[in-house]
Amino acid sequence: MMKSVTRRRNAASIKAVLMSTAACAIALGGLTTMAHAQDEAAAAPAEDTQVVIVTGIRKGLQDSLTIKKKNTSIVEAVSAEDIGKLPDASIAESLARLPGLAAQRVGGRSQTISIRGLSGDFSTTLLNGRMQVSSGDNRAAEFDQYPSEMVSSAIVYKTPDAGLTGQGLSGTVVLNTVRPLDYNKRVISVNVRGSVNTNGEIVPGYSANGNRISLAYIDQFMDGKLGVALSYAHLDDPSELQHSKSWWWDKQGNDSVTGLPRLGNADAFGLHGVEIWSTARRQTRDGYMAVLDFKPNDNFRSVNDFYYSVFDQNEVTHGAQWYQTQWTDDIHFSNVVVSDRGGTPVVQKATISGIAPIIRNDNNLRRDEMFSFGSNNRFNIGAWRSVIDFGYSRSVRKESIAETYAGYGTDPTPVSRTFDTIDENIAFGDFPQLTPGLNYADADNVYLGDVAPWGGWGHDGAIRQPKVVDQLATARFSGVHDMDWAGFKSIELGVDYSHRTKEKGVQEWDLCLKGWNQTTNDCHGTRVAVDAADLQEPTNLDFAGFGKVLSYDLGSVLDKYYDRRAILNEDNLNKYWQVDEELVTLFAKMNIDTETGGHGLRGNLGLQYVGAKQTSAGNEIIQRGSPAIGQWVSTSKEYGDFLPSLNLIYDMDDNSVLRFAMSRAMARPRMEDMRASRNASVSITTQTWSGSGGNPNLKPWIADGVDLAYERYFNRTSYIGVAGFQKVMRNYIRNLTVSNYDFTGWTNTSGVTPLSNIGSFTLPINDDGTASNIGGGKNVSGIEFSGALDGALLWDKLNGFGVIGSFSRGWTNIRSGDDIDPSKLPGFSGDVGNLTGYYERGGFSARLSYRYRSAFLGETYALYANRAAARILADDQVDAQISYQMQDGPLKGVTFLLQGYNLTDSNYQTQLKVTENKTADGSSYPEIYEEYGKTILFGVSYKFQ
């Protein structure tokens, strides 16, 4: 519990001014009027003072605002409301409610965070001040790996602090765990919650019910010299999603029989391929944390933290997909209804004959193990307050991505397949309605095997098993010395060392039905029906009008019906790489403090020098085909960067803060871009070289930034703020095709003599503005409004009510050059907003939260275990929570809780590449549409001390 002092003023004029000020805060504007109101409020005398016990929502808000106000950088913070009561499944949801931050959903869960419109690649995540590994393919933290129950606070640094190493370009997220000696008593907390997804069992046999359990224990021993904190958090969070995807849109040419346009209009665009399926995902995470806090005297304190988590995901998918294009089978369209979309005629309804749907049964498994250890030791050496800190973290991600195919009919040849007629009704912004004529749940007629057009996909299924290992060791020594010179009150000097190694590889196999011809290497075996013992209840795709499809247990089917054929081509070899980094950071920071009587200037002036040695390795393809042959190559590069920073805070009075910051910041390159893998060949038709690969010599993104912010605090839970920022890119990374690349020394296995050793090569490059107009001098800028209002400031009868809100608007002239959407910077959303209303009194607590993010270019999983960009449409989400804590009697300390996530069943939508087949007005066609359902939780917690 924390005690706070709330000042009450009874002057009616002051309340009127505060009311108008609050209205401005919620509207996120009116800075001039607000400043005038603050002056009047500050001048009014306090009538009385009383002590108020603050808990729950307001306790968390109070702690967050205290961090925000006192920090010398521009920061946002979220603090646990109480031990084990942070209300979100992972810290990602909590961070997404902070001003200027937005989350990207992956499979319905918030996973990665964008800060000020820049993707997770531009930020870093620290745990207790130390850099952390990532279970993803690159550097961006996957925040759903961190249980919210184990995080006491999270601070997002929007401007750099020279004493904070491992910072990002857009910002730095610092997650903090508890320090047990900061508590003066024993605390034991137990939380138990059950959950249900309103989509129900869309895949039969996979429950939509889950649970969350967390335990926390904090105690002190040896007369307060030794503190111990232990916690455990279990998450069983199933998700049920329904999915549709349009493969691409284009014209369809002329009918093979009539010679007339297939779509009735030669200029009309029609859907060329589609997929629909239901997916059940079982997600189980167990997290363990221990903290040992030892302080034998005032001159020494050692805090040692241990964290370990295991996150298992089991994803089962059943569905159908097919081509309906002029280049596949003998497709015919009738009953065509064309509608206008962006000035282009588009087929909305049609009856399509000659279709051979492929029935999909997939099973994806993923396990993430993460371990982290750190030791922070503070002691005095003479007049220096010193710190020795070291840590180690490791993440291992293993996946198995399996897919199998089936179709109607038993004849394996494409010519003799059983074709269907499907009625199609495309609803833009919703699921399509696709009504077949055949029964695809009929086990007597749906057989395993590849029924794809063009003679098939060359296999009857596939398995891919990526593995990513990330290891990071850190060590830091620093000291602070007090001084009194020209407004500088102390100086901090230090050195930080980190060594990180990340490696990735993907084992891949084709699945061939038994009986395949190993002599000719034809991976098509004899099509076969699935035994009744292996069948599951058919999965219903009525959400798309398709009816039921055959479903079976992939675990029991794989070895029974399939052989494996290793995939050993150049694409597979390119997925193996390793990056090794050693960073040495020297830093100096002078702390400024000229305050007297609550007025004056404070802040810091600092400089970092980051010396880097990076070594990248990968396969250089010397023979294409299957099997391809690669030569493992390694390249190293060393360089250094200076990163100055200035943070100035002028305390206008006890409650008004004006902030100014200037800095140079950097973000290290994506590790996948740094791979040494390269692949090239000579074209048989043009006799010219071409190739692609990574770039081991990449240097970081560099940006110069300036920030200006104003904050006004009315009490410990009420404030308003406005901030503006601009970041100018001095060095950017983008893909470039070099047309004059010299291939001298490359192995030519094509059998074709090239006309010249000069050809084209595509790779990521550093762009300082000289290579194109994409890099240097381009900028990201924005303005952020935020506020929190305690209702009692407006009217005594509103005591307990409150509202928290923020809105950010951003601009950028940086262009990614990505073929998905060249006009978009990855992760950039122009508008981001959050609004939370709450009520808390007498043990009762309620909140309703809304968050919004405009369209952006995100990163998702694509074919063959690759990562790809996707144009993700605007996303909004509503969450709510109600709880009641027993105030007395035998159940005192027990809290009953009801929560709801995604209460509006917010959908997820992406669009196809805007560089291909745009409509007349330049917009794009729909691609993915998904619905995840609402998640409802009910639970009970008990805290005693």
For Arg675, enumerate each residue passing the salt bridge (charged side-chain N to carboxylate O under 4.0 Å, His left out) test, keeping only those at least two apart in sequence or located in another chain.
none
With sequence neighbours excluded, residues passing salt bridge (charged side-chain N to carboxylate O under 4.0 Å, His left out) with Arg851:
Asp879
Testing Thr344, Leu271, Ile426 one by one against Tyr925 for a side-chain contact (heavy atoms from CB on, under 4.5 Å), which residue passes?
Thr344
Under a 4.5 Å cut-off applied to non-hydrogen side-chain atoms, are [X] and [Y] in contact?
{"X": "Arg670", "Y": "Ser119", "result": "no"}
{"X": "Ser134", "Y": "Arg139", "result": "no"}
{"X": "Ile783", "Y": "Val722", "result": "yes"}
{"X": "Met729", "Y": "Leu169", "result": "yes"}
{"X": "Val173", "Y": "Ile115", "result": "yes"}
{"X": "Tyr929", "Y": "Ser246", "result": "no"}
{"X": "Gln104", "Y": "Arg853", "result": "yes"}
{"X": "Trp701", "Y": "Leu118", "result": "no"}

Quick one: [atom1] on [X] to [atom2] on [Y], what's the gap to the nearest 0.5 Å?
{"X": "Phe311", "Y": "Arg366", "atom1": "CZ", "atom2": "CZ", "answer": "8.0 Å"}
{"X": "Lys504", "Y": "Glu672", "atom1": "NZ", "atom2": "CD", "answer": "5.0 Å"}
{"X": "Ser244", "Y": "Glu930", "atom1": "OG", "atom2": "CD", "answer": "8.0 Å"}
{"X": "Ser849", "Y": "Tyr901", "atom1": "OG", "atom2": "OH", "answer": "10.0 Å"}

Which of these, Thr539, Asp362, Thr317, sits in a side chain to side chain donor-acceptor pair (under 3.5 Å) with Thr279?
Thr317
Assess whether side-chain contact (heavy atoms from CB on, under 4.5 Å) is satisfied between Thr910 and Arg871, documenting all intermediate values.
CA-CA 5 Å; Thr910 69; Arg871 193 167 186 262; 5.7 Å; no
Under 4.0 Å between a side-chain nitrogen and a carboxylate oxygen: does that hold for Arg397 and Asp470?
no
Tell me, please, which residues at least two apart from Glu784 pass side-chain hydrogen bond (donor to acceptor under 3.5 Å, both in side chains).
Arg116, Lys158
Output all residues satisfying side-chain contact (heavy atoms from CB on, under 4.5 Å) with [X], sequence neighbours left out; order by chain, then residue number.
{"X": "Thr159", "result": "Ser73, Ile74, Asn647, Ala661, Asp707"}
{"X": "Ser239", "result": "Arg281, Gln283"}
{"X": "Asp542", "result": "Asn540"}
{"X": "Ser781", "result": "Gln726, Asn779, Trp811"}

Side chains of Ser906 and Asp875: any donor to acceptor distance under 3.5 Å?
yes
If only side-chain N and O atoms count, and only distance matters, is there a donor-acceptor pair under 3.5 Å linking Ser692 with Thr762?
no
Could you check whether any side-chain N or O of [X] sits under 3.5 Å from a backbone N or O of [Y], counting only pairs where one atom can act as donor and the other as acceptor?
{"X": "Asp340", "Y": "Val346", "value": "no"}
{"X": "Asn199", "Y": "Tyr932", "value": "yes"}
{"X": "Asn197", "Y": "Thr935", "value": "no"}
{"X": "Gln321", "Y": "Gly273", "value": "no"}
{"X": "Thr172", "Y": "Gln167", "value": "no"}

Minimal non-hydrogen separation, [X] against [Y], with atom names:
{"X": "Asn364", "Y": "Ala402", "result": "OD1-N, 3.4 Å"}
{"X": "Gln465", "Y": "Ser400", "result": "NE2-OG, 3.6 Å"}
{"X": "Leu541", "Y": "His318", "result": "CD2-O, 3.9 Å"}
{"X": "Gly168", "Y": "Thr124", "result": "N-OG1, 3.3 Å"}
{"X": "Thr125", "Y": "Phe143", "result": "OG1-CZ, 3.3 Å"}
{"X": "Ser395", "Y": "Val133", "result": "CB-CG2, 3.5 Å"}

Go through the steps to decide whether Glu93 and Gln877 satisfy the test side chain to side chain donor-acceptor pair (under 3.5 Å), and finish with yes or no.
CA-CA 11 Å; Glu93 282 93 351; Gln877 190 164 328; over 6 Å; no
Who are the ring-ring contact (aromatic ring centres under 6.0 Å, His included) partners of [X], not counting sequence neighbours?
{"X": "Tyr157", "answer": "none"}
{"X": "Trp277", "answer": "His243"}
{"X": "Phe543", "answer": "Phe431"}
{"X": "Trp247", "answer": "Tyr323"}

Between Ser786 and Ser806, does the side chain to side chain donor-acceptor pair (under 3.5 Å) criterion hold? Intermediate values first, please.
CA-CA 4 Å; Ser786 60; Ser806 68; over 6 Å; no
Would you please classify the geometry between the Tyr405 ring and the Trp457 ring as parallel, tilted or perpendicular, with 30° and 60° separating the classes?
perpendicular
Selection residues 268-278 - residue pairs positive for salt bridge (Lys or Arg N to Asp or Glu O under 4.0 Å), sequence neighbours left out
none
